[in-house]
Amino acid sequence: MQSRLDYFVPEGSYWPILGSVGMAAMLGGFASSLHGNTAGTVSMILGFGIIIFMVFGWIGQVINESETGTYNLQVDKSFRIGMGWFIFSEVMFFAAFFGALFYARTLSVPWLGGDGNNLYTGEVLWPEFKSVWPLIQMPDSTNFTVPKGIIEAWHIPALNTLTLLTSGATLTYAHWSLMNKNRIGLIGGLIATIILGVIFLGLQVAEYMEAYQHLDLKLTSGIYGSTFFMLTGFHGLHVTLGTIMLIVILMRAIRGHFREDRHFGFEAVAWYWHFVDVVWLGLFIVVYWL
Amino acid sequence: MSTTTTDLQNEIDAIEGSHISHNDHHHGPEKGLMRWVKTTNHKDIGTLYIWFAFTMLLIGGAMAMVIRAELFQPGLQLVEPQFFNQMTTLHGLIMVFGAIMPAFVGLANWQIPLMIGAKDMALPRMNNWSFWILPFAGAMLLSTMFMQGGGPAFGWTFYAPLSTTFAPASTDYFIFAIHMLGFSSIMGAINVIATIMNMRAPDMKLMDMPLFVWTWFITAFLLIAAMPVLAGAVTMMLTDRNFGTSFFDAAGGGDPVLFQHIFWFFGHPEVYIMILPAFGIVSQIIPTFARKPLFGYSSMVYATASIALLSFVVWGHHMFLAGMPIGGQLYFMYATILISVPTGVKVFNWVTTMWRGSMSFETPMLWAVAFVILFTIGGFSGLMLGIAPADIQYQDTYFVVAHFHYVLVTGALFSIIAAVFYWLPKWCGRMYNEKLAKIHFWWAIISVNVLFFPQHFLGLAGMPRRIPDYSLQFADFNMISSIGGFAFGASFILLTYIIVDCIRNGEPVKDARVWESAKGLEWTVPTPAPYHTFDKPPSKELILAESSHIHVEGVH
Amino acid sequence: MLGNRFLLHPKKVSFFFKSLSFLPLFFISQNAFAEFGLNLPKGVTSISRDIYGLHMLIFWVCVGIAILVFGVMTWSMIFHRKSRGAVASNFHESTAVELVWTLAPLAVLIAIAFPATKVLIDLENTERADMTVKITGYQWKWEYEYMNEGVSFFSNLDKASRDATGDAEARANHANYLLDVDNRLVLPTGKRIRFLMTSNDVIHSWWVRELGVKQDANPGFINDSWAKIDVPGVYRGQCTELCGKDHGFMPIVVEAKSEADYQKWLENKKVEQKAAAAAGDREWTKDELMVQGQKVYSSTCASCHGVTGQGVPGAFPAITGSPFASGDIKAHIGIVMNGKAGTAMQAFGKQLSDSDLAAVITFERNALNNHTGDLVQPATIKSAR
Ligand code: HEA
Ligand code: HEA
Ligand code: CUA
Ligand SMILES: [Cu+2]
């Protein structure tokens with residue numbers, strides 16, 4: 001093990017401040033565009049551009065430092081801890097939405113129908129309303145879209161489950177190959193994973209189109225639509241990010257980066273991918289299936 | 001103990017001398033403004049955090065002064081009701097997210113590497129980013145006040161649907177400001193965890209860590225688990241407001257109370273995020289000035305961990321009147337009052353640390369003692385609030401306001417002031433004016449009680465919180481409270497003077513160990529702490545000798 | 001002007017010291033205490049008295065522990081200080097002691113939990129009610145509906161209080177500044193009354209201390225609560241959940257009467273409501289409409305749209321020059337009667353009578369700097385329903 005003296009403390013950097021400026025421009029712009037401000041939209045796009053530039057610049061510098069041997073094992077461990085707990089924070093973010101779904105299904109919707117200590121809620125306020133899940137007929141649908149149906153678990157979603165699970169396997173194969181100095185296997189495994197990721201996203205888009213065009217199941221379809229689209233939507237966003245990160249890893253693998261015993265960049269992305277996988281399983285079970 | 005005192009003294013001398021010999025392969029700080037923008041140095045970043053927090057404290061405090069001025073007398077005098085609500089909301093938000101939390105992160109940045117013998121924080125560039133998001137987020141939050149329709153006026157708890165359907169346009173900026181603040185906190189917490197897990201001197205075991213480090217370690221987990229949930233809550237608000245979802249709208253099958261569950265799942269751990277590091281600070285200061293090892297080190301650690309765990313399962317005590325089924329109310333009542341047990345363990349440990357010590361009352365100790373007494377009073381009112389049926393009469397009255405200012409102002413804020421007086425000489429190599437500091441202490445301690453104690457009576461007498469005007473029967477106590485408020489506010493002018501005066505003209509301090517009986521690795525580095533410290537990790541013997549809880553014969 | 005307000009009146013200063021001298025009282029007499037408004041009242045229902053008992057119990061437990069803890073602390077601060085030559089001892093652990101101070105508080109808590117549980121179960125039991133009142137919160141008023149009686153009305157902050165917010169003299173002359181309403185909730189004593197709380201817009205919370213009732217009013221849901229009032233009298237409270245601009249201005253007044261008086265009141269109310277409904281059956285003159293309209297406007301609309309119709313930019317539109325109030329009458333009637341979903345603008349068709357609606361719409365079109373000259377008759381409103 002290298003000496004602890006070598007823990008790398010980087011020089012001052014412009015990347016963080018750039019990231020902050022980009023973030024403020026993007027989010028401030030988004031807020032202002034929500035109120036019909038075109039300048040806001042411009043600022044949002046600009047800010048997004050800055051963030052992309054920052055991410056690639058920053059990560060690029062990290063890759064460079066990594067490949068030139070600046071990092072010792074202890075730095076590596078810091079990265080691992082950082083990535084691990086970052087993923088945990090993402091888990092908690094999803095937990096909020098899973099919690100909302102759980103609450104709606106088991107508490108608020110039955111209460112609106114007069115369950116539990118909400119006898120009068122049902123009797124006095126919503127006499128017409130019947131509590132069922134999935135919630136199609138809302139207590140008062142004036143401001144919402146009433147869906148004609150819901151997405152069947154055993155069609156596209158099941159296929160997607162299969163796709164993602166397989167991608168987990170191909171990624172593990174890539175990792176294995178990397179550790180066994182099998183570059184071809186590494187690159188092949190990564191390509192397969194990326195393709196599966198893209199297929200997943202394509203199917204997800206098809207499912208959304210079906211929902212919007214044929215089923216009238218929309219973000220505005222009451223609590224069912226809200227939880228459905230927010231959960232699957234944020235998950236889809238994470239798959240997209242994961243796929244982009246996998247592509248970066250693929251490029252690096254092609255350039256010969258990563259050593260069989262040290263390849264934190266690869267592992268971080270793999271962890272992320274598996275996390276996205278696990279979230280999907282949760283989604284499949286509680287959003288589509290049950 | 002195999003090592004002799006002289007060996008240890010030699011090592012300390014070597015560390016003290018080391019900054020000179022190391023100068024050649026370190027660049028000192030950069031010059032000019034860019035030093036602060038680009039910096040990756042934990043001390044620089046700590047300084048940035050603390051000044052930012054101080055600025056926010058003044059802004060949030062100025063808002064509190066507007067509140068107290070309007071409440072000085074019955075009637076609508078100075079501000080419109082809507083503006084009053086904005087003041088209450090922004091005061092709460094800025095104090096919580098702008099003042100207290102960043103101040104603790106600043107202290108963590110300065111102290112944790114020094115206390116565990118680490119070169120720096122584990123992820124220095126990310127550390128910089130955590131800080132530099134804050135000014136932007138803070139500016140975005142404050143800018144809402146100047147927008148059409150005014151800023152957020154729905155309380156720092158921003159209950160739906162007042163914050164969704166019925167809120168001004170600026171709310172979307174508020175939402176993104178919260179997102180940014182949360183992002184910054186999460187990154188900061190990840191850094192703390194990585195630093196403590198990975199950067200400790202190789203011979204420092206977890207149970208050798210000073211309590212400030214321990215409490216921050218646990219706080220960081222609270223942050224990582226709680227902040228993303230807040231992000232989820234504001235995201236749902238955003239879509240309910242703009243994209244037609246119905247999370248908090250009964251017409252679509254949602255529930256406004258769902259918002260409260262999500263908010264308080266974050267919110268209750270949040271209040272412990274603001275008190276656990278304070279416990280750590282006090283656990284450092286009291287042994288120093290009692291000249292006696294901390295009593296019950298390991299029980300302190302376990303108590304902190306229990307409080308943290310319990311904090312995730314008691315959120316419903318903010319919602320006793322929201323219509324929770326009785327089973328829920330009972331459960332949340334039991335869980336809530338249970339927190340008094342580990343908290344009590346801490347209080348008893350501090351008192352026992354003082355018992356049969358050899359105490360002196362320098363300024364940091366005064367603040368620490370005041371913390372123990374006044375926090376406990378705040379804890380007692382918390383316990384009263386935790387009794388669900390009694391909370392019927394307390395909820396949303398000034399009794400609650402009194403409760404949380406005792407734990408937040410005389411708890412969290414006082415601990416921060418104590419910490420600054422305790423470590424400032426180490427940071428800047430100069431001593432503050434002890435006489436002025438004592439005057440300031442007594443001024444603050446009296447006025448803060450005049451400010452907040454009568455609010456208990458107001459609450460019990462029936463005054464709701466978040467109102468700009470009140471009936472005449474509340475007039476007298478409100479006036480007393482406001483007078484206390486102005487006096488307490490003015491004490492911050494003196495505090496500012498004392499601190500600036502210390503940094504600029506204070507008596508230079510030469511001793512590494514600023515306080516004669518202080519223990520801890522931070523007291524082995526030279527004063528003022530050089531830009532880079534612990535290039536070489538401290539030895540096992542030094543670590544043991546400096547651990548504040550196990551008293552080693554013969555060292556100091 | 002501004003400075004003046006901060007000047008201390010000598011009387012106030014002396015009160016300040018007087019009240020400080022009351023502080024020790026805190027530990028002596030609870031009764032003296034209640035008189036000076038320092039403590040909860042015992043109240044007039046079994047629940048409020050139970051809560052009061054619990055409150056005092058926990059309070060004294062806390063005082064007891066405080067005396068213990070602060071006593072030991074003060075002792076050591078006085079006697080174990082360096083300047084007195086105290087020498088530090090070195091103990092730093094004792095499992096036995098720590099066990100004691102973990103278990104003892106636990107025991108205290110369990111002892112408190114028993115009565116607390118009992119009270120909670122009692123007050124959550126809303127079965128067996130003699131009558132039911134539905135309470136609906138609005139920005140910023142309450143609606144009371146006597147279920148199965150066909151009686152319902154709104155309760156607003158009284159005009160005298162509203163006028164006194166900027167007038168110290170008027171405040172001094174108002175015995176119940178900000179705690180008075182135009183229509184009181186009248187209830188019988190000795191009956192078990194069930195309250196159903198809900199809201200039309202944001203969350204409000206209905207609180208009357210003497211009844212020991214406080215419950216959130218959530219839009220779309222109904223929470224319930226109950227009280228059996230023992231003593232006739234007038235009991236006051238306020239909304240306790242931040243509900244927007246005028247959250248501080250939606251008081252509650254409950255008047256508890258004997259059963260017989262209550263029945264009399266109820267009959268009167270029924271007659272009154274019939275008469276009000278009948279008023280819509282005739283043709284009104286412009287003057288009548290304008291006078292009534294002004295009344296309705298200032299009690300019902302002015303809190304948002306402003307006394308002079310100026311509104312609040314970015315939050316509430318101005319009525320002066322509004323495209324509705326100076327344009328098509330139908331659209332104007334429409335927005336007032338149906339409100340606008342998803343905004344603070346409520347559907348006043350459900351709240352106001354035909355004549356009040358006709359009056360306020362006429363008023364808006366011919367006052368507040370609008371000059372359309374249009375008249376709206378109650379009959380028009382009736383046919384628009
Ligand atoms: C630093 C912040 C902090 C801390 C530490 C606490 C600590 C506690 N709080 Fe507090 N609380 C807040 C910040 C904090 N709170 C805030 C900001 C709000 C308002 C939010 C809002 O609505 O805006 C709030 C509101 C709040 C409520 C909701 C009130 C309402 O709205 O109706 C409740 C109810 O249970 C509560 C309970 C408690 C309890 C039981 C503790 C316990 O942890 C206290 C434990 C400590 C002690 C009890 C003292 C020491 C112990 C002993 C000496 C041992 C022996 C004692 C006994 C056995 C009695 N708090
Ligand atoms: C987190 C910490 C924190 C801190 C430190 C404070 C500090 C103070 N708070 Fe606050 N407060 C909250 C957190 C905090 N508060 C929260 C969370 C709420 C709930 C919000 C809600 O309901 O949504 C609240 C609500 C709240 C209310 C209730 C408002 C309402 O319900 O309408 C009041 C009223 O008195 C109040 C007063 C004060 C005062 C006088 C101080 C003082 O301690 C402030 C002292 C500091 C200064 C005064 C600044 C320094 C001095 C200057 C800038 C120089 C100028 C000086 C003068 C003009 C004299 N606070
Ligand atoms: Cu209604 Cu507050
Ligand atoms: Cu809490």
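Computed from a prediction, not measured in an experiment: that's the story for all the values here. Reminder, nothing fancy here: chain letters follow the sequence lines and each chain counts from 1.
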Quiz item: So do His247(C) and Cys239(C) actually touch side chain to side chain, heavy atoms under 4.5 Å?
Solution: yes

Quiz prompt | Per-residue contact mode, Asp249(B) against chain C (heavy atom under 4.5 angstrom) | solution = neither

Quiz item: Asp224(C) versus chain B, heavy atoms under 4.5 Å apart: side chain, backbone, both or neither?
Solution: neither

Exercise. Could you tell me if the ring centre of Phe295(B) sits under 6.0 Å from that of His92(C)?
Key: no

Quiz item: Can you name the nearest heavy-atom pair linking Pro468(B) to Gly248(C), along with the distance?
Solution: CD-CA, 4.4 Å

Quiz item: Does any non-hydrogen side-chain atom of Cys243(C) lie less than 4.5 Å from one of Ile203(C)?
Solution: no

Self-check item: Contact origin within Leu330(B) toward chain C - heavy atom pairs under 4.5 Å
Solution: both

Quiz item: Out of Asp167(C), Val69(C), Thr165(C), Val119(C), which one racks up the most heavy-atom pairs below 4.5 Å with chain B?
Solution: Thr165(C)

Practice problem: Would you please test Val213(C) and Ile47(C) for side chain to side chain contact (heavy atoms under 4.5 Å, CB included) and show each step? | Solution: CA-CA 8 Å; Val213(C) 175; Ile47(C) 294 278; over 6 Å; no

Exercise. Calculate, to the nearest 0.5 Å, the distance between atoms CE and CD belonging to Met250(C) and Glu241(C) respectively.
Key: 11.0 Å

Self-check item: Distance-only polar pair, side chains of Tyr177(C) and Asp469(B), donor-acceptor under 3.5 Å
Solution: yes

Exercise. Heavy-atom distances under 4.5 Å only: say whether Met333(B) touches chain C with side chain, backbone, both or neither.
Key: side chain

Self-check item: Interface residue of largest heavy-atom contact number with chain B, from Arg236(C), His174(C), His55(C), under 4.5 Å
Solution: His55(C)

Self-check item: Non-hydrogen atoms of Ala88(C) and Ser358(B) that approach each other most closely
Solution: N-CB, 3.6 Å

Exercise. Tell me, out of Thr165(B), Leu162(B), Val351(B), who's got the most heavy-atom pairs with chain C below 4.5 Å.
Key: Leu162(B)

Exercise. Would you mind telling me which of Gln329(B), His456(B), Glu80(B) has the largest number of heavy-atom pairs within less than 4.5 Å of chain C?
Key: Gln329(B)

Exercise. Measure the acute angle between the ring planes of Phe259(B) and Phe248(B), then classify it against the limits of 30° and 60° as parallel, tilted or perpendicular.
Key: perpendicular

Quiz prompt | Per-residue contact mode, Ala172(C) against chain B (heavy atom under 4.5 angstrom) | solution = backbone

Exercise. Under 4.5 Å heavy-atom distance to chain B, tell me which part of Asp216(C) shows up: side chain, backbone, both or neither.
Key: both

Practice problem: Sort out for me which of Val347(B), Thr376(B), Thr353(B), Asn349(B) touches chain C most, counting heavy-atom pairs under 4.5 Å. | Solution: Asn349(B)

Practice problem: Please step through salt bridge (Lys or Arg N to Asp or Glu O under 4.0 Å) for the pair Lys214(C) and Asp391(B), ending with a clear verdict. | Solution: CA-CA 9 Å; Lys214(C) 187 194 280 157; Asp391(B) 189 49; over 6 Å; no

Quiz item: Taking Val72(C), Val97(C), Ile65(C), Leu109(C) one by one, which has the highest count of heavy-atom pairs under 4.5 Å against chain B?
Solution: Leu109(C)

Self-check item: Side-chain donor-acceptor pair present, Thr117(C), Tyr334(B), cut-off under 3.5 Å
Solution: yes

Exercise. Tell me, for Leu106(C) versus chain B, whether the close heavy atoms (under 4.5 Å) come from the side chain, the backbone, both or neither.
Key: both

Exercise. Measure distances from Ala322(B) to the heavy atoms of chain C and classify the residue's part below 4.5 Å as side chain, backbone, both or neither.
Key: both

Quiz item: Which answer fits Gln215(C), side chain, backbone, both or neither, if we ask what part of it has an atom under 4.5 Å from a heavy atom of chain B?
Solution: both

Self-check item: Proximal component of Val312(C), with respect to chain B [non-hydrogen, under 4.5 Å]
Solution: neither

Quiz item: Is it the backbone or the side chain of Ala290(B) that comes under 4.5 Å from a heavy atom of chain C, or both, or neither?
Solution: backbone

Quiz item: Which heavy atom of Gln139(C) sits nearest a heavy atom of Ala344(C), and at what distance?
Solution: OE1-CB, 3.5 Å

Quiz prompt | Contacting moiety of Ser299(B), where chain C heavy atoms sit under 4.5 Å | solution = both

Practice problem: Could you tell me the separation between the OG atom of Ser163(B) and the CG atom of Leu242(C), rounded to the nearest 0.5 Å? | Solution: 10.5 Å

Quiz item: What part of Pro74(B) gets closer than 4.5 Å to chain C, counting heavy atoms only: side chain, backbone, both or neither?
Solution: both

Exercise. Give, as side chain, backbone, both or neither, the part of Ser161(C) having an atom under 4.5 angstrom from any heavy atom of chain B.
Key: neither

Quiz item: If you tally heavy-atom pairs under 4.5 Å against chain B, which of Ser94(C), Ala217(C), Pro105(C) wins?
Solution: Ser94(C)

Self-check item: Worked check of side chain to side chain contact (heavy atoms under 4.5 Å, CB included) between Tyr398(B) and Leu71(B)
Solution: CA-CA 12 Å; Tyr398(B) 263 77; Leu71(B) 295 177; 3.3 Å; yes

Quiz item: Most heavy-atom pairs under 4.5 angstrom with chain C, which of Thr352(B), Leu383(B), Val257(B)?
Solution: Thr352(B)

Practice problem: Against chain B, label Leu120(C) side chain, backbone, both or neither, depending on which of its atoms sit under 4.5 Å from a heavy atom there. | Solution: both

Quiz item: Does the side chain of Arg291(B) pick up a donor-acceptor pair with the side chain of Ser360(B) at under 3.5 Å?
Solution: yes

Quiz prompt | Interface moiety of Phe249(C) toward chain B, non-hydrogen atoms closer than 4.5 Å | solution = side chain

Quiz item: For the residue pair Phe348(B) and Trp101(C), does the interplanar ring angle fall in the parallel (under 30°), tilted (30 to 60°) or perpendicular (over 60°) class?
Solution: tilted

Practice problem: Name the member of Gln86(B), Arg465(B), Met354(B), Gln393(B) that forms the most heavy-atom pairs with chain C at distances under 4.5 Å. | Solution: Gln393(B)

Quiz item: At a heavy-atom separation under 4.5 Å, does Thr343(C) approach chain B through its side chain, its backbone, both, or neither?
Solution: backbone

Quiz prompt | Top contributor to chain C contacts, counting heavy-atom pairs under 4.5 Å, from Phe361(B), Phe154(B), Tyr159(B) | solution = Phe361(B)

Quiz prompt | Ala160(B), part contacting chain C, at a heavy-atom distance under 4.5 Å | solution = backbone

Quiz prompt | Chi angles and distances behind the side chain to side chain contact (heavy atoms under 4.5 Å, CB included) call for Tyr470(B), Leu458(B) | solution = CA-CA 11 Å; Tyr470(B) 46 82; Leu458(B) 280 173; over 6 Å; no

Quiz item: Relative to chain B, which segment of Glu93(C) carries a heavy atom at a distance below 4.5 Å: side chain, backbone, both, or neither?
Solution: both

Quiz prompt | Lys NZ or Arg CZ of Lys245(C) over Phe84(B) ring: under 6.0 Å, within 45° | solution = no

Quiz item: In terms of heavy-atom pairs under 4.5 Å, which option from Ser48(C), Ala315(C), Ala66(C), Gly166(C) contacts chain B the most?
Solution: Ala66(C)

Quiz item: At a heavy-atom separation under 4.5 Å, does Ile121(C) approach chain B through its side chain, its backbone, both, or neither?
Solution: both

Exercise. Go through the atoms of Gln473(B) and report whether side chain, backbone, both or neither lie under 4.5 Å from a heavy atom of chain C.
Key: side chain

Quiz prompt | Most chain B-contacting option - heavy-atom pairs closer than 4.5 Å, from Asp201(C), Asn218(C), Asp246(C) | solution = Asp201(C)

Quiz prompt | Residue pair Asp396(B) / Gln238(C), side-chain heavy-atom distance below 4.5 Å | solution = no

Self-check item: Proximal component of Met197(C), with respect to chain B [non-hydrogen, under 4.5 Å]
Solution: neither

